[in-house]
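The analysis underlying the following values was restricted to heavy atoms, covering all of them including side chains, and did not include hydrogens, waters or symmetry mates.
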Amino acid sequence: LRLSFFDSSSSSSSSKTRRIDPARLYYSPAEASAASNITLDFRVVFPIPSGGTVELTLPGFSRAPGASGEVPLSHPGGQAAEAAANLTATWDAGSSLLALSAPAGLPMGWHNVTVLATGGVSLPPYGLAQDDLSLLVGGRPHPGGAIVSVPVAASPPVA
């Protein structure tokens, strides 16, 4: 008797593969209700193809009334800076979702991007626990594609 197992993570065509793990968030300032610089460090463990997105679910976060369009980003230097520099961000208030669009895709490895406070994204008025499990991150391979979200591994408390 011979058994074989199919591991979907080894297939480059898999759309139901975890693509981001781990991720860390930092806030400056880390104050409840404050518009804040929100820095996301994340590791792509399965490439995000051209047109894909990195999606960050941020329950309780909000954006200033009247703010619309793209959310401004800052990209540091470093090895992955070229790929991260092509990211653009949008905020969906209905789902508390920050979507980072990657028109050129994102290769495997660590990436870093900061959502600037000038974009008006504010921390929850009730604060956040350290390493809050409600904060999720995932990579979507293409619009309408499946996404596997995982909790953000590390984040500071917000009071």
Can Leu87 and Leu106 be said to form a side chain to side chain contact (heavy atoms under 4.5 Å, CB included), step by step?
CA-CA 9 Å; Leu87 294 174; Leu106 283 173; 4.1 Å; yes
For Leu100 and Leu73, run side chain to side chain contact (heavy atoms under 4.5 Å, CB included): C-alpha distance rounded to whole Å, both residues' side-chain angles, the deciding distance at 0.1 Å, then the answer.
CA-CA 10 Å; Leu100 302 170; Leu73 299 175; 4.2 Å; yes
Please lay out, stage by stage, how Trp91 and Val115 fare under the test side chain to side chain contact (heavy atoms under 4.5 Å, CB included).
CA-CA 11 Å; Trp91 176 255; Val115 175; over 6 Å; no
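Using a 4.5 Å heavy-atom cutoff, the side chains of Pro107 and Pro47 are not in contact. Looking only at side-chain heavy atoms (C-beta outward), Ile48 and Ile20 come within less than 4.5 Å of each other. Under the 4.5 Å side-chain criterion, counting only non-hydrogen atoms from C-beta, Tyr26 is not in contact with Ser155. The shortest side-chain heavy-atom distance between Ser101 and Val54 does not fall under the 4.5 Å cut-off. By the 4.5 Å heavy-atom criterion applied to side chains, Pro29 and Ser36 are counted as neighbours. Side chains of Phe61 and Leu98 form no contact here, defined as non-hydrogen atoms less than 4.5 Å apart.
Note: Leu56 CG to Leu97 CG = 8.0 Å, rounded to the nearest 0.5 Å. Note that the OG atom of Ser149 and the CZ atom of Arg140 stand 7.5 Å from one another [nearest 0.5 Å]. His111 NE2 to Asp41 CG: the interatomic distance, rounded to the nearest 0.5 Å, is 11.0 Å. The distance from atom CG of Leu136 to atom CD1 of Ile147, rounded to the nearest 0.5 Å, is 9.0 Å. Within the model, atoms CZ of Arg43 and CG of Asp21 stand 6.5 Å from one another, a figure rounded to the nearest 0.5 Å. Interatomic distance, OG1 of Thr39 versus CG of Leu116, reported as 8.5 Å (0.5 Å rounding).
Residue Phe46 comes nearest to Val44 through the heavy atom pair O-CG1, 3.2 Å, listed as atom of the first residue, atom of the second, then distance. Listed here is the closest heavy atom pair of Pro156 and Leu25: CD-O, 3.1 Å. Scanning all heavy atoms of the two residues, the minimum distance from Gly127 to Ala32 falls at N-CB, 4.0 Å. Across every non-hydrogen atom of Trp110 and Pro22, the tightest pair is CH2-CG, 3.7 Å. Closest of all the heavy-atom pairs between Gly60 and Ser96 is N-OG, 4.1 Å. For the pair Leu135 and Pro59, the tightest heavy-atom approach, listed with the atom from each and the gap, is CD2-CD, 4.1 Å.
Between the side chain of Asn37 and the backbone N or O of Ala117, at least one donor-acceptor pair lies under 3.5 Å. With Arg19 contributing its side chain and Val45 its backbone, the two residues share no donor-acceptor pair below 3.5 Å.
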